[in-house]
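Following: one structure in structure tokens, then a few remarks.
Residue numbers begin at 1 in each chain, while the letters A, B, ... track the order of the sequences. This structure is a prediction, so every number in the text was calculated from the model and none was measured.
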Amino acid sequence: MNQMRFSSIALLLAGLVAGCATTPPPPPPQAVSEITGKTCTDTPDLTKAIAMTPKRKAQWHAIATTIDGMSPCLNLDGKPSNYVVYALPSAPSNHTLTIGGLYEAFRILGPLVTVLNADGQPIRSFPAERFANVGSTFGVQFRPSDEGRFVLVQTNPQTAGIEVKAFETQLVTQTNYSYNPYTYGSSSYQTQYGREGATVRKFSHEGVVSVTIQAVAGKIGLPNEK
Amino acid sequence: MVLAGCVTPYQPVPFDRTATPVSKIAVVENTLPLEVGTQKLATNGANMMSAASSAGLAGLLVGAVAAGVEAGIESGQRERIQKALATQNFNGEAIFDAALEEALKQQDYRVSTIAIPRSKSRELVVVPANDAAEPGSAVLDTLGFNYGYQLVGNSTQWRPFVTLHVRMVDHKDPKKILLDNKITYNPVVKSDVTVSIPVDEAFAFQKIDDLEANPTKAAEGLEAALRATAKATADLLR
């Protein structure tokens, strides 16, 4: 009897411990160097273009689009390349765009950026030397011409899998709390510390496309708006 | 916080060489600060000040003293770094100018220099309109806010840094801004829409004593930083 009671307590305890255990978050995704098992098209599907114009009037708008195994792909010189198309706001030349692959823990979407006209024909592309680290994006910054209607972002089969090594310095801010004798309450203050270390990422066919749109005058798509 | 919400975010002006054919660039002279600087972030003094200020007036006083002591320490460290670099005849301006000229020439620009007095230090020059300027000529200002060695908290090492604001305007009509951007070598925070360059990890010093013991390496590290920043500037003009 005693033995039974003991085992039921043990079971209960085990259950409680299991109940408290939290599932660790999944590890950050790794780079994808090759696209396999996909049927790609020769031209991008413009009907699925993501609007760069935000629903609410704004001067600044940021979009992050995940490119994964389900994303459509294009044939690029005989090699598959995942892609996403964005529709430019009206008065395209009134916008500064920063477009590229977002820095993630282990990967950066390796981007190729092309501006397309209303017929889907390429009117501007950017050589490798024009790409830079802009904010947390590896990409290009430009103002499209008024003939531009779409921006095609596709993954670069030439760079996929290539390592990007960088030594990074970070300033980390944390909030602390202390008892304040003047207010008889708790008050918060911030302290900072530094962190540095070597990072290794790879250019990837999957990841996140980061787009930042800034209106030069007025709002996005509304140059005369105040 | 309310104020921060109202501030207009920085808007860069990307250069489009096809739409704006520039062939001749006059680079503004004397763009870097006269002396090599230091930058200390997340120091004990700053953290003490923040903690103390949460404890009312008396705390503020303690904090101010802590910050003052910290500033005194940094001033001494800056002098030691400057002296170490002086033994190598280090000339940051000359290194940056030469690297920028070389990079621009590689991109088929005709490069010259132009002396325009900077009315306010750490502000971009006001370029006077030049009616005689030939079509396709521009003036490029590469204003260095600060450059030298930085230490972020106590868990990092002294490493080179450069912060730059670049602007290119049409020489005939300087109201036409052809390029505007900010470049940071070894940034501690990656600002949206501005250019950042990761530091070359080979050049690091645990203490100022280590930097003084190897001034050649200290000069090489800062030279690498200035060259990379000059190249990044030229890359914006491709």
Side-chain angles (χ1 to χ4, degrees), chain A residues 59-60 62 93 95-98 103 123-124 126-137 139-145 164-183 186-199 210 212 214-217, chain B residues 8-19 40-44 46-59 63 107 150-157 159 161 180-181 183-184 186-202 204 232 234-236 238:
Chain A
Q59 193 274 332
W60 171 299
S93 63
H95 303 87
T96 304
L97 306 179
T98 306
Y103 270 73
I123 53 171
R124 189 175 177 193
F126 302 89
E129 301 80 28
R130 275 279 270 120
F131 284 76
N133 295 314
V134 188
S136 298
T137 303
V140 284
Q141 208 164 51
F142 64 97
R143 285 187 182 167
S145 67
V164 181
K165 288 182 181 175
F167 195 88
E168 291 177 358
T169 312
Q170 276 181 301
L171 184 66
V172 187
T173 304
Q174 64 183 33
T175 305
N176 311 278
Y177 298 91
S178 67
Y179 172 71
N180 190 329
Y182 294 91
T183 60
S186 146
S187 58
S188 69
Y189 62 96
Q190 290 190 325
T191 50
Q192 295 180 314
Y193 62 94
R195 192 158 64 189
E196 60 178 26
T199 61
S210 155
T212 304
Q214 290 173 275
V216 177
Chain B
T8 312
Y10 169 69
Q11 169 116 224
V13 180
F15 180 59
D16 184 350
R17 199 171 177 178
T18 320
K40 285 180 83 177
L41 301 157
T43 57
N44 285 337
N47 283 335
M48 256 178 88
M49 178 140 173
S50 175
S53 63
S54 73
L57 216 63
Q107 293 173 36
Q150 75 179 11
L151 182 73
V152 189
N154 295 329
S155 46
T156 64
Q157 300 191 62
R159 294 180 190 276
F161 79 99
D180 194 298
N181 214 320
I183 303 171
T184 311
N186 192 12
V188 289
V189 175
K190 287 181 181 174
S191 308
D192 283 331
V193 306
T194 68
V195 177
S196 64
I197 312 165
V199 68
D200 185 338
E201 66 177 301
D235 281 344
L236 291 173
R238 282 181 186 274

Could you check which of A:Thr173, A:Val140, A:Asn133, A:Thr98 has the highest count of heavy-atom pairs closer than 4.5 Å to chain B?
-> A:Asn133
Measure across B:Tyr10 and A:Trp60 and return the closest heavy-atom pair with its distance rounded to 0.1 Å.
-> O-CZ3, 4.2 Å
Side chain, backbone, both or neither: which part of A:Phe126 has an atom under 4.5 Å from a heavy atom of chain B?
-> neither
Please flag which part of A:Arg124 lies under 4.5 Å from any non-hydrogen atom of chain B: side chain, backbone, both or neither.
-> side chain
What part of B:Pro12 is in contact with chain A, defined as an atom under 4.5 angstrom from a non-hydrogen atom: side chain, backbone, both or neither?
-> both
From the list A:Gln59, A:Arg130, A:Arg143, the residue making the most non-hydrogen contacts under 4.5 Å with chain B is A:Arg143
Rounding to 0.5 Å, atoms CG (B:Asn186) and CD (A:Glu168) come to a distance of 10.0 Å
With only heavy atoms counted, which part of B:Asp200 is less than 4.5 Å from chain A, the side chain, the backbone, both or neither?
-> neither
Where on A:Glu129 is there a heavy atom nearer than 4.5 Å to chain B: the side chain, the backbone, both, or neither?
-> both
Salt bridge or not for A:Glu196 and B:Arg159, using N-O below 4.0 Å?
-> yes
Part of B:Ser196 within contact of chain A (heavy atom distance under 4.5 Å) = both
Where on B:Thr156 is there a heavy atom nearer than 4.5 Å to chain A: the side chain, the backbone, both, or neither?
-> both
Contacting region of A:Thr212 [heavy-atom separation from chain B under 4.5 Å] | side chain
Would you name the heavy atoms of B:Glu201 and A:Ala198 that are closest together and state the gap between them?
-> OE2-CB, 4.2 Å
Residue A:Val216 versus chain B: region with a heavy atom under 4.5 Å = both
Does a side-chain heavy-atom distance below 4.5 Å link A:Thr169 with B:Phe161?
-> no
Quick check: does any side chain N or O of B:Gln11 sit under 3.5 Å from a backbone N or O of A:Ala215, one acting as donor and the other as acceptor?
-> yes
Any idea which of B:Thr194, B:Ile183, B:Asn181 has the most non-hydrogen atom pairs under 4.5 angstrom with chain A?
-> B:Thr194
Close side-chain approach of B:Val152 to A:Gln170, heavy-atom, < 4.5 Å = no
